[in-house]
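Structure first, then comments.
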Amino acid sequence: MATNISTIIINAPSQKVWDAITKAALVKRWQYGSDLLTTWEIGSDIKFSTAWEDKVFEQWGKVLAFTPTEIVRYSLFAPRPDLEDKPENYFIMSYVLTEENGQTKLEIIQEDNRPNAVQEAPQGEENPLLQSLKQLAEGE
């Protein structure tokens, strides 16, 4: 299994970071224009839909954990021609927030057991997606 971890320190309280990762209108602003659909109830569906070059790409799964300003975890299936939509082809996304002195450490953990999963080096400030999230949370 590949476990990829991205960590960033955001100069904002955990509530602002939480809002940026759980409110659909804010997620759309930092996550490639993705539309997020979920109620955030544990066991409920979650779906990301992104339009790009006249195509719509969708990923879907289930909400596994939801503790406001602390952790959100969900399973996700990203369709590929060589993958069936079955449990072993889902990966797990976790967003773990820790607030200290008005700053929030955000760890994004992807646990991926799919065929050909790639183990990456830990990422942080250099990741453009994380930078977009940081700018959004610090500016809101």
Side-chain angles (χ1 to χ4, degrees):
M1 176 181 347
T3 301
N4 295 307
I5 301 173
S6 300
T7 305
I8 192 163
I9 302 297
I10 300 173
N11 295 312
S14 59
Q15 184 63 56
K16 286 191 174 189
V17 178
W18 183 256
D19 289 348
I21 63 174
T22 61
K23 290 189 174 183
L26 297 177
V27 168
K28 187 177 185 98
R29 291 175 53 190
W30 70 271
Q31 208 170 73
Y32 306 113
S34 291
D35 290 314
L36 166 65
L37 297 169
T38 187
T39 63
W40 289 120
E41 292 178 33
I42 295 174
S44 69
D45 292 336
I46 185 168
K47 182 174 164 184
F48 293 90
S49 180
T50 308
W52 188 65
E53 292 186 357
D54 299 327
K55 292 184 182 177
V56 175
F57 298 90
E58 294 183 334
Q59 298 180 40
W60 55 86
K62 297 281 185 194
V63 176
L64 304 173
F66 189 84
T67 304
T69 70
E70 293 180 20
I71 186 168
V72 62
R73 179 179 295 123
Y74 51 84
S75 64
L76 210 56
F77 178 72
R80 296 191 321 222
D82 61 328
L83 282 183
E84 284 184 64
D85 183 355
K86 56 186 184 178
E88 58 266 31
N89 290 329
Y90 282 62
F91 56 96
I92 306 296
M93 293 296 300
S94 299
Y95 292 75
V96 181
L97 292 76
T98 309
E99 184 177 339
E100 188 174 313
N101 299 323
Q103 292 185 316
T104 302
K105 177 172 96 170
L106 174 63
E107 290 181 287
I108 303 173
I109 305 160
Q110 181 186 52
E111 299 168 86
D112 195 344
N113 203 30
R114 297 174 296 169
N116 303 318
V118 176
Q119 181 66 54
E120 299 174 358
Q123 295 188 30
E125 299 283 337
E126 73 284 352
N127 181 308
L129 193 63
L130 291 180
Q131 275 299 313
S132 293
L133 172 57
K134 178 180 171 105
Q135 290 170 0
L136 177 65
E138 291 178 350
E140 285 297 310

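Given the structure is predicted, the values throughout are model-derived calculations rather than measurements. Basis for what follows: all heavy atoms, side chains included, without hydrogens, waters or symmetry-related copies.
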ring-ring contact (aromatic ring centres under 6.0 Å, His included) assessment of Phe57 paired with Tyr32: CA-CA 11 Å; Phe57 298 90; Tyr32 306 113; over 10 Å; no

Closest heavy-atom pair and its distance - Gln119, Thr3: NE2-O, 2.7 Å

Mutual orientation of the aromatic rings belonging to Phe66 and Trp40 [parallel < 30°, tilted 30-60°, perpendicular > 60°]: parallel

Single-linkage hydrophobic cluster, 4.5 Å side-chain cutoff, Leu36 and Leu133 together: yes

Positive for side chain to side chain contact (heavy atoms under 4.5 Å, CB included) with Phe91, one of Glu111, Met1, Gln59: Gln59

Ile71 with Ile5, same ILVMFWY side-chain cluster at under 4.5 Å: yes

Over 12 non-hydrogen atoms of neighbours within 6.0 angstrom of CZ in Arg73: no

Gap between atom OG of Ser75 and atom CE of Met93 - 0.5 Å precision: 11.5 Å

Working for side chain to side chain contact (heavy atoms under 4.5 Å, CB included), residues Asn89 and Glu84: CA-CA 7 Å; Asn89 290 329; Glu84 284 184 64; 4.2 Å; yes

Pairwise side-chain contact, Asp85 with Pro79, heavy-atom cut-off 4.5 Å (strictly under): no

Thr50 OG1 to Lys55 NZ distance, which is reported to the nearest 0.5 Å: 14.0 Å

Considering all heavy atoms, the nearest Leu83-Ala78 contact: CD1-O, 4.2 Å

Shortest non-hydrogen contact from Glu138 toward Asn11: OE2-N, 2.8 Å

In one Ile/Leu/Val/Met/Phe/Trp/Tyr side-chain cluster, 4.5 Å: Phe77, Val72: no

Atom of Ala20, atom of Val27 and distance for their closest heavy-atom approach: O-CG2, 3.5 Å

Distance in Å, Glu125 CD paired with Thr7 OG1, rounded so as to fall on 0.5 Å steps: 10.0 Å

Between NZ on residue Lys16 and NZ on residue Lys23, distance to nearest 0.5 Å: 11.5 Å

From CG (Leu130) to CG (Leu106), nearest 0.5 Å: 7.0 Å

Note: Lys86-Glu88 ion pair, threshold 4.0 Å (strictly below): yes

Ile9 and Lys105, any side-chain heavy atoms less than 4.5 Å apart: yes

ILVMFWY network linking Phe48 to Trp60, side-chain heavy atoms under 4.5 angstrom: no

Modelled atom types, side-chain donor and acceptor of Tyr90 and Asn113, under 3.5 Å: no

Pairwise distance NZ(Lys62) to CG(Asp45) - rounded to 0.5 angstrom: 3.5 Å

Hydrophobic cluster identity match, Ile21 and Leu37, side-chain contacts under 4.5 Å: no

Under 3.5 Å donor-acceptor, Ser132 side chain and Trp30 backbone: no

Exceeds 12 heavy-atom contacts within 6.0 angstrom, atom CD of Glu126: yes

Any Pro13 side-chain heavy atom under 4.5 Å of Glu99 side chain: yes

Heavy-atom pair of closest approach, residues Val96 and Ile109: CG2-CD1, 4.3 Å

Given Lys47, Arg29, Lys28, the one that forms salt bridge (Lys or Arg N to Asp or Glu O under 4.0 Å) with Asp35: Lys28

Nearest atoms (heavy-atom pairs only) where Thr67 meets Trp18: O-CH2, 3.4 Å

